[in-house]
Number of protein chains: 2
Amino acid sequence: MGWAKVAETVCPSARTLAVVGDRWTMLILRELFLGVKRFEEFQVQTGMSSNLLSTRLKRLEADGIIARRLYSKRPARHEYRLTEKGLDLYPLMLSLKAWGEKWGGLKRGAAPALSIVHKTCGHETGFQLRCGSCDAPFGAKDAVVTIGPAFAAERQKRRKSA
Amino acid sequence: MGWAKVAETVCPSARTLAVVGDRWTMLILRELFLGVKRFEEFQVQTGMSSNLLSTRLKRLEADGIIARRLYSKRPARHEYRLTEKGLDLYPLMLSLKAWGEKWGGLKRGAAPALSIVHKTCGHETGFQLRCGSCDAPFGAKDAVVTIGPAFAAERQKRRKSA
DNA sequence: TGACTCCCTTCAAATTTTGAAGTCACTATT
DNA sequence: AATAGTGACTTCAAAATTTGAAGGGAGTCA
């Protein structure tokens, strides 16, 4: 069975992907971060079919990323909002945005589709990746990745049983 | 046609998703960032079928995210490596990792699957999101999103034609 | 010569997605 | 009181994609 298997890894990135790594789910998340809360609006803005939206929302809820909240009793109407777990996907969303702005082939100099203003300082903010230790901005080339023992064992096993 | 349509938006996040937002592609990217360069190894470590891997690699190459390089002339053998455009997906990968570590349901206190050491300072580094303007760390709740005119128009149109 | 490796391709079967249509429980309008 | 409308779905067949197994070709190694 496709993705259940992938979720069993110790690799945290793969585990994240197993939960939110599908395009529709990510588009729903974008909408959530834009403040959309209702079924109809998700459907219109993502262009996905309603049955898929329905199952995706259920999955997100089951995974604790969104919560349904009754906003009207009669008729019963729900809205969907991000939980804390969901809100923590913010850096992921910002990095999608940042890459898309740089490499997505949009017209240079066009007004940005989205602007993000930092409440505290009042300025438009971008996204900066900093070393948690020395504070310097860094990129892929400035770091070395090491695979830990558990993950290494898992990889070795895959290699053997192939 | 599914995703071609999504790629036409002015939303940079959706454009990113249209290029790399599928689970297999993301898993391939993980492998690339781990230093894997060969077809076989991608296949073994991701568990995907070879025909899919083949088409995904072609797509990534066509999109300029990876480049093939001949590493042996006879027999002709290629390796795949990230281009600059591909390397720029690093923050995205790190945010997948960070979220997975926090919310992926891995055992607390277990040795991390991956460790990332900053070459310059020699310390293990995490991931910090900082305001590009005032330098303070921030999260979803510390910022306000505003939809720009082009994107707003696009959204309005979708609402109408639904 | 025969076994093996790497990098794929082909193809049918299984699964998922799309797209359209329908449902249900109400509210608002005429 | 009948008609239309809204929000949130569900159902279902047709289309597209993915899986899984098998095969192939170009060369190396024993």
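Proteins come first, then strands; the chains are lettered A, B, ... in the order of their sequence lines, and each starts at number 1. Heavy atoms only: backbone and side chains are in, while hydrogens, waters and symmetry mates are out.
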Would one find a side-chain N or O of [X] under 4.0 angstrom from OP1 or OP2 of [N]?
{"X": "B:Arg68", "N": "C:dC8", "result": "yes"}
{"X": "A:Arg56", "N": "C:dT17", "result": "yes"}
{"X": "B:Tyr80", "N": "C:dC6", "result": "no"}
{"X": "A:Lys58", "N": "D:dT10", "result": "yes"}

Scan A:Arg23 against the nucleic acid and name what it touches under 4.0 Å (heavy atoms): base, sugar-phosphate only, or nothing.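 No contact at all - A:Arg23 keeps every heavy atom at 4.0 Å or more from the nucleic acid.
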Looking at A:Asp135 and A:Arg130, is there a salt bridge between them, counting it only when a charged N and a carboxylate O are closer than 4.0 Å?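 Salt bridge between A:Arg130 and A:Asp135, a charged N being under 4.0 Å from a carboxylate O: yes.
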Take atom [atom1] of [X] and atom [atom2] of [N], then tell me their distance rounded to the nearest Å.
{"X": "A:Trp24", "N": "C:dT16", "atom1": "CH2", "atom2": "P", "value": "17 Å"}
{"X": "B:Met48", "N": "D:dG20", "atom1": "CE", "atom2": "P", "value": "12 Å"}
{"X": "A:Gln43", "N": "D:dT6", "atom1": "CD", "atom2": "P", "value": "14 Å"}
{"X": "A:Leu52", "N": "D:dA14", "atom1": "CG", "atom2": "C1'", "value": "15 Å"}
{"X": "B:Asp22", "N": "C:dT16", "atom1": "CG", "atom2": "P", "value": "15 Å"}
{"X": "A:Phe42", "N": "D:dG7", "atom1": "CZ", "atom2": "C1'", "value": "13 Å"}
{"X": "A:Leu53", "N": "D:dA8", "atom1": "CG", "atom2": "C1'", "value": "9 Å"}
{"X": "A:Gln45", "N": "D:dG7", "atom1": "CD", "atom2": "P", "value": "14 Å"}

Closest nucleotide among [options] to the [X] side chain:
{"X": "B:Ser50", "options": "C:dC8, D:dC9, D:dG20", "value": "C:dC8"}
{"X": "A:Phe39", "options": "C:dG19, D:dA8, C:dC7", "value": "D:dA8"}
{"X": "A:Arg77", "options": "D:dA21, D:dC9, D:dT6", "value": "D:dT6"}

Checking the side chain of [X] only, and the main-chain atoms of [Y] only, is there a donor and an acceptor separated by less than 3.5 Å?
{"X": "A:Thr83", "Y": "A:Gly64", "answer": "yes"}
{"X": "B:Glu154", "Y": "B:Val10", "answer": "yes"}
{"X": "A:Thr25", "Y": "A:Gly21", "answer": "no"}
{"X": "B:Asp142", "Y": "B:Gly139", "answer": "yes"}

B:Glu41 or B:Asn51, whichever maps to the more 5' nucleotide of DNA chain C: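 Mapping each residue to its closest nucleotide by heavy atoms, the 5'-most match is B:Glu41.
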5' priority, DNA chain D, between B:Ser49 and A:Tyr71 [closest heavy atom]: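 It is A:Tyr71, whose closest nucleotide lies nearer the 5' terminus.
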